[in-house]
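Worksheet: the structure to be examined is printed underneath.
The figures that follow rest on heavy atoms only: side chains count, while hydrogens, waters and symmetry mates do not. By convention in this document, chain letters (A, B, ...) are assigned in the order of the sequence lines, proteins followed by strands, and residues within each chain are numbered from 1.
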Amino acid sequence: MTDNLPHVRFAPSPTGELHLGGARTALFNWLFARHHGGQFHVRIEDTDKLRSKPEFTDQILESLTWLGLDWDGPLLHQSHRSGQYKQALQALLKTGHAYRCFCSKDKLELDRKQAAKGHEFMYSGTCRDLSDAQIKIRLNQGQTFTLRLRIPEGETVYDDRIYGKVKVNNREIDDFIIARSDGSPVYNLVVVIDDHTMGISHVIRGDDHISNTPKQILIYQALGYDPPIFAHLPMILGPDKKRLSKRHNAPGIQEFRNAGYPPAALVNYLAMLGWNPDTEQEIFTPEELVAAFRLSQVQKKGAVYDEKKLNWVSSKHLLAMTDDDILAGIRSIDPDWQTERPDGYNRLVIEQMKPRVRSLQGLMEDSTFFYQVPEEYDAKTSRKRWPDSEVNNLVRNYYDHLLVQVEWTAENIEWLLRETATEAIVPASKLIHPVRLALTGSGAGPSLFTLMEILGQEACLQRLKLALEKLP
RNA sequence: GGCCCGUUCGUCUAGGGGUUAGGACGUCGGCCUCUCACGCCGGUAACAGGGGUUCAAAUCCCCUACGGGCUACCA
């Protein structure tokens, strides 16, 4: 490119939803581009007609958008470039870098099976040096053929920005197929042409592509293109150290969204998987990540996905978010959440609950007592905090005091409670806990007096009355 | 099988010749306290193994083991 700024791309195939590994690859590309003021492109690799589904494209894009990974320029589709591939194939055939191979699929498969017993399988090169006459005969017979790349002698070397120098003897690479017998180009050719015509300067992708890279470099050379810079990211692993997949019931990005992880938290966590900022900072905003990101700080080894740490990162982000932002986040998952309540009330609830949860979903679930009368009382807490009818007397006294309380503030509520306890010559906690149980149905929750102030006099009285009837 | 890549606490990682091998999550204990969280303090826990090189190796070299990836007319 003429601007000298990096151009990178994320190239998912729409054969499934975006998962963690893909998201991380996209993220690192995006961080790299944004850090250097370059361009981040998204290209949909939809050449596999059978497995590609437009719904998946939509879903992937939605996930990227949700994560905040905005891309530059139009969305590209690989399938729209077929003319160009044909042209390149023709050129390679003409220059002798590619040749026709008439071996049938069945024969190749047989060879492969034979070889499986012994050692490696490589294409034997049967058709490598067919004469023009021989080719003509076969063509006249109507034999179908694939196109193979003629691999030159020597070795292919490249400098991986993460792995360092990677060197492969070309003997290890066989004359692989670049066009199928129906004339369609194969992935390795297609990426090369796409990346070249898009002006991609840095190819940043999963390290499962490391062995493909020399093949692709050979194609670049055959075509007379300059290869881009390569950087291979380590895989994200499951607890068994195998590449993370559905078998680990690894959630797709949409599930993280639905579970109520703030996108910035997921981005933060993913960035820390296999990368480190060279400082001891752990919690980053996306902007801070952009500023700090260096490819050179990327790890070579795979990293195990750890939900516990994600939860921690998420709780940190939640704590740092404003109540309004959290409310907006919740509404983006569930537009109807507590809409019948004033948002002022909801914000108070959020303020109280946000240090106690790890996700928006958790916040919604754990704050139901702010909105409805508890349906039951936690058995263990009941036994411990409300063991007998003496508690009823105590709570009834408090209830009576509250009945006449005109100014409903946390201070007044607390003062009254302590008064009630003092009158009965018991510690305040003897009253605090049963009251909380009556109001929330559980033994845990925000500070009782703040809770009561937020709930309001009417709700508190109603719930106390109910508990007095039902407990112990 | 072949080729490539990797290996520091359970997990994410710092450390690249001389360190009490550091931090974070988790876990355990304590403090705070009306509970639960938050917060704070503290504990637990790692250089895969073996050979070299060196006065000195987690750090450099070699081998082994283990793990992963690739080895398609998939992408």
Side-chain angles (χ1 to χ4, degrees), chain A residues 11-13 15 45-48 50-52 78 101 103-105 108-109 112 115-122 144-148 160 163-164 166-169 171-174 176-188 190-191 206-215 232 234-235 237 239-243 269 272-276 278-283 299-313 315 319 352-358 366 381 384-385 414 417-418 427-433 435-437 440 442-449 451:
Chain A
S13 47
T15 53
E45 311 239 305
D46 52 358
T47 38
D48 186 343
L50 286 176
R51 294 191 297 153
S52 294
Q78 199 164 56
C101 171
C103 299
S104 74
K105 210 171 185 170
L108 293 172
E109 218 147 283
R112 191 171 303 118
K117 294 179 207 154
H119 24 269
E120 81 203 279
F121 166 77
M122 285 179 82
T144 59
F145 59 87
T146 60
L147 255 30
R148 288 183 183 272
D160 194 290
Y163 283 90
V166 178
K167 189 159 62 170
V168 175
N169 194 311
R171 268 192 302 252
E172 307 295 340
I173 306 171
D174 67 355
F176 59 94
I177 290 172
I178 54 177
R180 304 182 184 92
S181 43
D182 65 0
S184 64
V186 143
Y187 170 77
N188 276 322
V190 164
V191 254
D207 72 7
D208 48 339
H209 282 287
I210 267 189
S211 336
N212 274 329
T213 306
K215 294 183 180 180
H232 288 96
M235 305 269 89
L237 277 21
D240 58 357
K241 308 268 188 188
K242 289 199 201 313
R243 182 215 243 144
Y269 174 70
M272 301 306 276
L273 256 196
W275 171 82
N276 79 80
D278 212 18
T279 66
E280 286 188 349
Q281 186 176 350
E282 302 255 2
I283 301 300
Q299 209 78 243
K300 290 186 186 68
K301 68 165 176 176
V304 176
Y305 164 67
D306 178 15
E307 192 181 20
K308 294 221 175 77
K309 187 132 188 185
L310 202 216
N311 283 330
W312 175 76
V313 171
S315 73
L319 221 40
Q352 288 306 308
M353 295 308 291
K354 73 179 170 185
R356 285 160 231 275
V357 296
R358 299 170 310 198
D366 292 354
T381 311
K384 186 171 175 195
R385 306 293 196 187
E414 176 166 9
L417 183 136
R418 294 197 187 276
S429 61
K430 286 281 182 209
L431 186 48
I432 288 173
H433 294 296
V435 171
R436 174 179 289 106
L437 179 66
T440 68
S442 100
S447 165
L448 180 66
F449 310 112
L451 168 71

List the steps, then state whether side chain to side chain contact (heavy atoms under 4.5 Å, CB included) holds for A:Leu448 with A:Val435.
CA-CA 8 Å; A:Leu448 180 66; A:Val435 171; 3.9 Å; yes
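- Residue contacts shown for A:His209 include a base, since a base heavy atom lies under 4.0 Å away.
- Contacts of A:Arg243 with the nucleic acid, taken as non-hydrogen atoms under 4.0 Å apart, involve only primed sugar atoms and P, OP1 or OP2.
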Kindly determine whether A:Val186 and A:Phe176 satisfy side chain to side chain contact (heavy atoms under 4.5 Å, CB included), including the steps that lead there.
CA-CA 10 Å; A:Val186 143; A:Phe176 59 94; 5.8 Å; no
Please lay out, stage by stage, how A:Val191 and A:Glu45 fare under the test side chain to side chain contact (heavy atoms under 4.5 Å, CB included).
CA-CA 9 Å; A:Val191 254; A:Glu45 311 239 305; 4.2 Å; yes
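- Contact check for A:His232 versus A:Thr213: side-chain heavy atoms found under the 4.5 Å cut-off.
- Note: CD (A:Glu172) to C1' (B:C5) measures 15 Å, nearest angstrom.
- Partner assigned to B:A46 is none, using Watson-Crick or G-U wobble distances below 3.5 angstrom.
- If you check B:U19 for Watson-Crick or wobble pairing at under 3.5 angstrom, you find it has no partner at all.
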Under 4.0 Å protein heavy-atom contact, by nucleotide of nucleotides 7-14 of chain B - B base, S sugar-phosphate only:
SS--SBSS
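- Across all strands shown, A:Glu307 has no heavy atoms under 4.0 Å from either base or sugar-phosphate atoms.
- Across all strands shown, A:Pro12 has no heavy atoms under 4.0 Å from either base or sugar-phosphate atoms.
- For a distance-only test at 3.5 Å, the side chain of A:Ser181 qualifies as a donor-acceptor partner of the base of B:C73.
- Within 4.0 Å (heavy atoms only), A:Ile210 reaches sugar-phosphate atoms of the nucleic acid but no base atom.
- Each of A:Ile177 and A:Asp208 was assigned the nucleotide of RNA chain B with the nearest heavy atom; the assignment lying further toward the 5' end belongs to A:Asp208.
- Residues satisfying the salt bridge (charged side-chain N to carboxylate O under 4.0 Å, His left out) test with A:Arg243, not counting sequence neighbours, are A:Asp208.
- Pair assignment for B:G29: B:C41, on the basis of Watson-Crick or G-U wobble contacts that are both within less than 3.5 Å.
- Only the P atoms considered, B:C38 is 24 Å distant from B:A45, to the nearest whole Å.
- The shortest side-chain heavy-atom distance between A:Ser13 and A:Gln78 does not fall under the 4.5 Å cut-off.
- To the nearest whole angstrom, the two C1' atoms, one in B:G50 and one in B:C28, are 36 Å apart.
- Of the residues listed (A:Thr279, A:Ile283, A:Asp278), the one engaging A:Gln281 in a side chain to side chain contact (heavy atoms under 4.5 Å, CB included) is A:Thr279, and it is the only one.
- For the P atom pair drawn from B:U59 and B:G15, the interatomic distance equals 15 Å after rounding to whole Å.
- Rounded to whole Å, atom P of B:U35 lies 14 Å from atom CG of A:Leu431.
- If you take atom C1' in B:C60 and the same atom in B:A75, they sit 40 Å apart, rounded to whole Å.
- Spacing between atom NZ of A:Lys384 and atom P of B:C34 amounts to 14 Å, rounded to whole angstrom units.
- The CG atom of A:Asp160 sits 10 Å away from the P atom of B:C5 (whole-angstrom rounding).
- Only the P atoms considered, B:A58 is 11 Å distant from B:C47, to the nearest whole Å.
- If you check B:G68, B:A37, B:C34 against the side chain of A:Lys242, the one that comes closest is B:G68.
- Across A:Leu273 and A:Tyr305, no two heavy atoms sit closer than the pair CD1-CA, 4.3 Å.
- Across the strands present, B:A72 finds no partner; the criterion is a Watson-Crick or G-U wobble pair with both atom distances under 3.5 angstrom.
- Side-chain proximity of A:Ser211 to the nucleotides B:A75, B:C70, B:C34 is greatest for B:C70.
- Evaluation of atom-type donor-acceptor distances gives no pair under 3.5 Å for the side chain of A:Arg356 against the base of B:C38.
- Under the Watson-Crick and G-U wobble criteria, each requiring two contacts below 3.5 Å, nucleotide B:U54 is left unpaired.
- Using a 4.0 Å heavy-atom distance criterion, A:Asn212 is classed as a base contact.
- Computed from coordinates, the A:Trp312 CH2 to B:G39 C1' distance equals 13 Å when rounded to whole Å.
- Taking each heavy atom of A:Lys300 and A:Tyr163 in turn, the nearest pair found is O-OH, 2.9 Å.
- Spacing between atom CD1 of A:Ile178 and atom C1' of B:A72 amounts to 15 Å, rounded to whole angstrom units.
- Only the C1' atoms considered, B:U7 is 23 Å distant from B:U44, to the nearest whole Å.
- Across B:G49 and B:C41, the matching P atoms stand 34 Å from one another, rounded to whole Å.
- Using a 4.0 Å heavy-atom cutoff across all strands shown, A:Tyr187 reaches at least one base atom of the nucleic acid.
- Under the 90° criterion around 0 for the glycosidic angle, B:G16 counts as syn.
- Taking side-chain N and O atoms only, A:Arg358 has no distance below 4.0 Å to OP1 or OP2 of B:G26.
- Residues A:Pro355 and A:Leu319 meet the side-chain proximity criterion, which asks for heavy atoms closer than 4.5 Å.
- Nucleotides B:A48 and B:U13 are separated by 15 Å at their P atoms, to the nearest Å.
- Nearest-nucleotide assignment on RNA chain B puts the 5′-proximal partner with A:Ser447, out of A:Ser447 and A:Glu45.
- A salt bridge links A:Glu282 to A:Lys309: one of the charged nitrogens lies within less than 4.0 Å of a carboxylate oxygen.
- Across all strands shown, B:A65 pairs with B:U7; the Watson-Crick or G-U wobble distances both stay below 3.5 Å.
- Using a 4.0 Å heavy-atom distance criterion, A:Phe449 is classed as a base contact.
- The CG-P distance, from A:Asn169 to B:C4, rounds to 9 Å in whole Å.
- One can place CG of A:Leu437 at 14 Å from P of B:C36, the figure rounded to the nearest angstrom.
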